Amino acid sequence: MLLRHTPKEVIERNALTINPAKTCQPIGAMYAALGIHRCFPHSHGSQGCCAYHRSTLTRHYKEPIMAGTSSFTEGASVFGGQANLVQALDNIYTIYKPDIVAVHTTCLSETIGDDIPQIVSKAQESGKIPEGKYIVYASTPSYVGSHITGFANMVSGIIQGFANQSERVIENRINIIPGWVEPSDMAEIRRMMSLMRAKYIMVPDTSDVLDAPLTGRHEFYPKGGTTIKELQSLGESSMTLALGHFTSVPGAETLRRLADVPYEFQDIPIGISATDRFLMAASHATGAEISESLETERGQLVDMISDMQQYLYGKSVAIYGDPDQLIGLTEFLLDLDMHPKYIISGSAGKVFTKRINALMEKYGKEAIVKNGPQADMFYLHQLIKNEKVDLLIGNTYGKYMARDEDIPFLRYGFPILDRVGHSYFPSVGYKGAMYMLKNILDLFLDRKDRDAPEESFELVM
Amino acid sequence: MQGILKERVKQVFKNGTDHFDMSCDTPSTSGSVSQRACVFCGSRVVLYPIADAVHLVHGPIGCASYTWDIRGALSSGPELHRYSFSTDLKEKEVIFGGEKKLEESIVYLAKRFKPKAVFVYSTCIIGIIGDDVERVCKQATENIGIQIIPVHSEGFKGTKKDGYKAACSAIFRLIGTGKGTKPKKPSINILGEFNLAGESWIIKNYYKQMGVHIQSVMTGDSRIEAISNAHLADLNVVQCSGSMLSLAKMMEEKYNIPYTHVSYFGIEDTAAALYEVAKHFGNPEIIKNTKELVTKEISQLTAILNEYKIKLQGKKAAVYVGGAFKAFSLVKALARIGMEVVIAGSQTGNKDDYNQLPNMCRPGTIIVDDSNPLELSRFVQERDADLFVGGVKERPLAMKLGLGFCDHNHERKIPLAGFEGMKNFAQEIYISVMSPVWKFHEFRQKKQIGGQND
Ligand code: SF4
Ligand code: SF4
């Protein structure tokens with residue numbers, strides 16, 4: 001037993017986090033910035049943070065992750081990091097030649113009180129930002145919120161850097177903020193939109209960035225990502241679809257405030273109900289019709305569920321990870337007649353428990369829901385030790401529990417350090433739901449095949 | 001050399017053509033995509049394999065999340081080191097101090113996990129908000145009755161190497177607290193060996209066959225008890241230049257234990273290491289055993305390596321690893337299987353290390369300190385390398401460029417140390433360099449310069 005030191009009995013804690021179901025803000029900011037074309041993320045702090053963020057993203061995407069660091073030393077931590085940042089900008093524009101630099105802070109630069117807007121405007125005044133090049137920034141102290149917050153803050157920062165109030169409104173064109181989802185999911189959203197022939201701008205968009213093919217070249221700036229032209233045009237869209245309370249609404253709100261673009265909240269389209277709502281909202285906002293091919297996909301998904309419902313009914317599930325995803329996932333599991341029983345997120349926020357509880361109530365089921373401080377995987381493991389579940393869904397760190405407790409385990413979320421595929425196979429849309437459903441069924445049925453007594457081993461299932 | 005940041009010209013050399021005077025041990029240039037990590041990272045990797053201790057990261061959540069069981073240091077017993085413990089500081093503590101939260105955390109941990117000791121790592125922010133971690137730990141040690149040891153690893157206070165030092169100081173506090181008795185056989189401590197993929201077990205086995213007693217391994221598959229009795233050993237055998245030399249020096253000073261500096265990568269270095277230890281004790285029995293062991297191992301290996309050599313002859317390798325000392329061993333080991341090193345570099349080599357490299361490498365070899373992806377990808381393409389030996393951040397870069405790859409860092413999955421390790425190393429390189437996947441790689445032959453697409 002790998003986690004043999006985890007006792008079954010739950011004793012209240014106030015101080016300690018054990019086996020976290022979250023990480024820190026800057027990595028989210030870095031991920032968001034990578035979804036902008038020719039954008040170079042820069043970490044204003046000491047180099048350790050940046051190295052960790054890059055390593056973790058590298059392990060998850062199996063792609064080289066480029067980002068700079070201000071490389072704080074003791075001097076910088078006493079006198080402030082202004083000189084480091086200004087020198088860094090100079091070097092970055094000279095050597096790496098990005099179109100945009102996206103600066104985020106770390107705990108250290110926040111604590112010593114570096115004023116990024118002021119440093120940036122100084123750099124601009126003194127000509128450190130070359131003609132035609134841009135800089136955006138976000139404040140991302142990790143002692144506030146989690147990686148999710150960092151993502152949302154950087155999306156806001158990017159929008160803030162480009163949003164223009166516009167007289168012109170391009171009718172029927174919308175903005176989509178997809179939330180922190182995989183490149184495969186962003187590609188899937190694009191695919192659905194293009195099947196509908198709907199006009200949209202998506203920000204950020206990491207597809208064709210973090211799922212790059214092997215070509216023998218290292219493209220420092222791969223071809224994907226939201227372009228500057230698109231960013232400058234965000235203010236001309238008729239509305240914004242913000243997918244996810246935590247990851248997308250703050251950016252949409254920023255755009256509304258600065259450029260008067262109204263927004264509508266939708267869940268990340270995970271599973272059938274949320275995808276239905278997303279497509280209807282997109283169709284409504286763009287005037288584009290939901291294509292026949294999408295309807296076919298939906299029908300195929302429903303067909304698949306109905307064929308296999310007996311294997312899904314009543315299965316209990318423990319899920320952990322990021323709030324926007326968990327909300328979508330909870331609804332999907334409920335739609336599948338499964339029972340999400342433990343729902344844990346390290347990221348704080350009341351909306352989360354409210355939404356989950358409403359869903360549980362609607363389906364007449366009960367769950368233990370916990371998020372924020374001490375909502376960690378140590379706690380989840382204790383819950384499971386007290387009452388087992390049939391399935392575990394979450395990031396790679398669940399593998400210890402899955403092994404110790406012998407529970408089928410679906411990897412989902414961030415980070416996934418030990419499997420591939422998440423960059424290419426989506427979990428959003430009907431297609432994504434089918435893929436996820438297939439994986440869940442495979443887990444259950446493989447186990448059935450493994451565990452069934454010889455006399456009841458079945459060929460046809 | 002052209003096309004590199006001007007601040008970096010003294011950290012990149014072409015062997016034989018440039019005047020060699022490496023300006024290493026310097027902080028990274030701001031804005032460059034450094035492959036380096038921080039002080040905390042250095043401490044964390046050194047102490048992490050101690051499996052019956054709790055490793056509590058005092059700071060905001062990130063530092064703890066990113067170092068959660070990433071190193072693959074194996075334990076034959078307890079698995080406490082695979083947990084991630086963090087005080088998870090919030091804004092409130094950043095303003096009013098985190099000492100209380102730290103105290104509470106330690107009390108809870110001691111009660112629930114009953115560890116043999118607790119290491120408390122300070123991260124950057126602790127250095128700024130000024131928590132008196134030393135005091136909290138001292139008090140907790142008195143109250144709880146186990147060692148609560150502060151690790152002064154604030155990230156910005158130096159480089160990864162300073163983190164090694166901080167870890168060594170933390171271990172040094174433990175040494176001498178044990179109540180063990182002096183072993184009868186000649187005994188050693190193995191320093192700087194972390195049991196990645198079970199490497200400590202291989203090395204220990206050699207020494208056992210030689211008739212040498214192992215008092216402790218620091219820190220692979222290690223226990224607090226063994227470390228606290230490490231002062232009873234006769235000799236410290238230190239592997240890996242950077243990480244634990246300072247501990248050996250401290251132990252020499254305080255306990256009069258001499259140390260010797262070895263490497264277990266490659267046949268020559270492994271054999272030299274074992275002979276050196278045998279020679280130190282001068283015991284004919286041990287010397288005889290060592291000779292037998294080495295002869296047997298090498299005779300088994302030679303044929304295998306020669307076969308790889310024929311297949312790999314003339315292939316070119318780039319080496320970019322943590323310390324320069326490791327780079328030496330790799331240069332030798334690669335030569336043994338017919339490969340030529342065309343780039344040799346490290347994140348944190350020191351001057352002495354670097355001064356040895358030019359003699360070991362052929363003219364034209366690029367020697368580099370604290371490099372970045374843009375440079376590295378240019379160099380490998382310029383020098384037409386077939387293989388990259390590096391760590392996690394270099395892997396996907398190498399792959400994108402169509403190079404074979406060998407992880408010689410935390411993420412190695414098979415042991416690379418000792419004689420067995422050399423066989424594994426050769427095999428891993430062979431598999432990667434000769435993989436049929438490269439035949440689908442149309443650009444493999446006509447490599448282009450990457451990153452210059454504007
Ligand atoms: S905060 Fe400091 S200690 Fe933590 S990862 Fe960053 S540089 Fe290292
Ligand atoms: S928690 Fe703060 S200090 Fe630690 S890695 Fe994240 S940003 Fe760096």
Side-chain angles (χ1 to χ4, degrees), chain A residues 2 4-5 7 11 13-20 22-24 26 46-49 51-52 54-56 58-59 62-64 66-74 77 84 87-92 95-97 107-108 111-112 142-144 146 214-221 373 397 400, chain B residues 5 27-34 36-41 60-62 64-66 68 79-80 82-91 94 101 104-105 108-109 112-113 124-125 127-129 155-157 373-374 377 392-393 396-397 399-402 441 443-444 447-448 450-451 453-454:
Chain A
L2 284 159
R4 70 185 79 140
H5 309 279
I11 298 179
R13 268 174 291 153
N14 302 314
L16 184 67
T17 297
I18 308 171
N19 299 346
K22 63 170 175 183
T23 184
C24 68
S46 25
Q47 55 191 12
C49 309
Y52 281 135
R54 286 178 55 219
S55 294
T56 305
T58 295
R59 290 185 172 110
K62 307 233 179 299
E63 290 289 313
M66 297 304 149
T69 160
S70 295
S71 296
F72 272 35
T73 54
E74 295 215 60
S77 65
N84 295 57
Q87 195 208 345
L89 290 173
D90 208 16
N91 283 333
I92 290 167
I95 299 291
Y96 302 111
K97 301 189 175 63
C107 298
L108 180 59
T111 313
I112 63 174
S142 311
Y143 45 78
V144 180
S146 72
L214 194 155
T215 57
R217 283 172 64 103
H218 168 229
E219 301 290 353
F220 206 88
Y221 301 106
Y397 289 108
Y400 306 95
Chain B
L5 288 170
S28 303
T29 309
S30 292
S32 74
V33 186
S34 172
R36 276 180 178 174
C38 64
V39 180
F40 164 68
C41 179
I61 195 66
S65 287
Y66 303 119
W68 179 3
E79 300 280 0
L80 258 182
R82 288 178 180 261
Y83 284 66
S84 170
F85 300 102
S86 169
T87 48
D88 195 356
L89 294 190
K90 293 284 161 217
E91 199 154 21
V94 171
K101 213 170 181 185
E104 262 184 64
S105 299
Y108 187 93
L109 282 169
R112 295 234 77 182
F113 291 91
C124 282
I125 222 172
I128 303 293
I129 63 176
F156 61 90
K157 291 190 171 166
L374 203 57
S377 56
V392 51
K393 289 190 288 291
L397 184 68
M399 298 270 163
K400 276 278 176 301
L401 299 169
H441 189 292
F443 299 97
R444 185 77 183 86
K447 290 173 194 161
Q448 305 162 29
N453 52 350
D454 50 350

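Naming convention: chains lettered A, B, ... in sequence-line order (proteins, then strands); numbering from 1 in each chain. Every value quoted in this text rests on a predicted model; they were computed, and no experiment measured them.
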Open item on the list: Please determine whether side chain to side chain contact (heavy atoms under 4.5 Å, CB included) holds for the pair Ile18(A) and Phe113(B), giving the CA-CA distance in whole Å, both sets of side-chain angles, and the decisive distance to 0.1 Å.
Closed with: CA-CA 11 Å; Ile18(A) 308 171; Phe113(B) 291 91; 3.8 Å; yes

TODO: Decide yes or no on side chain to side chain donor-acceptor pair (under 3.5 Å) for Thr23(A) and Tyr66(B), but give the supporting numbers first.
DONE: CA-CA 8 Å; Thr23(A) 184; Tyr66(B) 303 119; 2.9 Å; yes

TODO: Report the relative orientation of the aromatic rings in Tyr397(A) and Trp68(B); use parallel for angles under 30°, tilted for 30 to 60°, perpendicular for over 60°.
DONE: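 Tyr397(A) vs Trp68(B) ring planes: parallel.
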
Measuring from [X]:[atom1] to [Y]:[atom2], what's the distance to the nearest 0.5 Å?
{"X": "Leu397(B)", "Y": "Met66(A)", "atom1": "CG", "atom2": "CE", "result": "5.5 Å"}
{"X": "Leu16(A)", "Y": "Lys101(B)", "atom1": "CG", "atom2": "NZ", "result": "9.0 Å"}
{"X": "Cys41(B)", "Y": "Gln47(A)", "atom1": "SG", "atom2": "CD", "result": "10.5 Å"}
{"X": "Phe85(B)", "Y": "Thr17(A)", "atom1": "CZ", "atom2": "OG1", "result": "11.5 Å"}
{"X": "Phe156(B)", "Y": "Cys49(A)", "atom1": "CZ", "atom2": "SG", "result": "11.0 Å"}

Checking [X] against chain A: side chain, backbone, both or neither under 4.5 Å from a heavy atom?
{"X": "Leu80(B)", "value": "both"}
{"X": "Thr87(B)", "value": "backbone"}
{"X": "Tyr108(B)", "value": "side chain"}
{"X": "Tyr83(B)", "value": "both"}

Shortest non-hydrogen contact from [X] to [Y]?
{"X": "Glu79(B)", "Y": "Leu2(A)", "value": "CB-O, 3.3 Å"}
{"X": "Pro20(A)", "Y": "Ile61(B)", "value": "CB-CD1, 3.7 Å"}
{"X": "Tyr400(A)", "Y": "Arg82(B)", "value": "CE2-NH1, 4.0 Å"}
{"X": "Val144(A)", "Y": "Glu91(B)", "value": "CG2-OE1, 3.5 Å"}

- [ ] Measure distances from Thr56(A) to the heavy atoms of chain B and classify the residue's part below 4.5 Å as side chain, backbone, both or neither.
- [x]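 Side chain only.
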
- [ ] Specify which of Ser146(A), Ala67(A), Gly68(A), Ala15(A) makes the most heavy-atom pairs with chain B at under 4.5 Å.
- [x]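 Most heavy-atom pairs under 4.5 Å with chain B: Ala15(A).
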
- [ ] Please determine, among Leu108(A), Ile112(A), Asn14(A), Leu89(A), the option with the most heavy-atom pairs under 4.5 Å with chain B.
- [x]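 Heavy-atom pair counts peak at Leu108(A).
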
With chain A as the partner, which of [options] has the greatest number of non-hydrogen pairs under 4.5 Å?
{"options": "Gly155(B), Gly62(B), Ala64(B)", "value": "Gly62(B)"}
{"options": "Val94(B), Ile129(B), Leu89(B)", "value": "Val94(B)"}
{"options": "Cys38(B), Cys124(B), Gly127(B), Pro396(B)", "value": "Pro396(B)"}

- [ ] Start with the C-alpha distance between Glu63(A) and Lys400(B), add both sets of side-chain angles, then the distance that settles side chain to side chain contact (heavy atoms under 4.5 Å, CB included), and finish with yes or no.
- [x] CA-CA 8 Å; Glu63(A) 290 289 313; Lys400(B) 276 278 176 301; 2.8 Å; yes

Task: Pairing residues for Cys107(A) by the side-chain contact (heavy atoms from CB on, under 4.5 Å) criterion, not counting sequence neighbours - done: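 Partners of Cys107(A) by the side-chain contact (heavy atoms from CB on, under 4.5 Å) criterion, ordered by chain and then number, come out as Ser142(A), Tyr143(A), Pro60(B), Ile125(B).
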
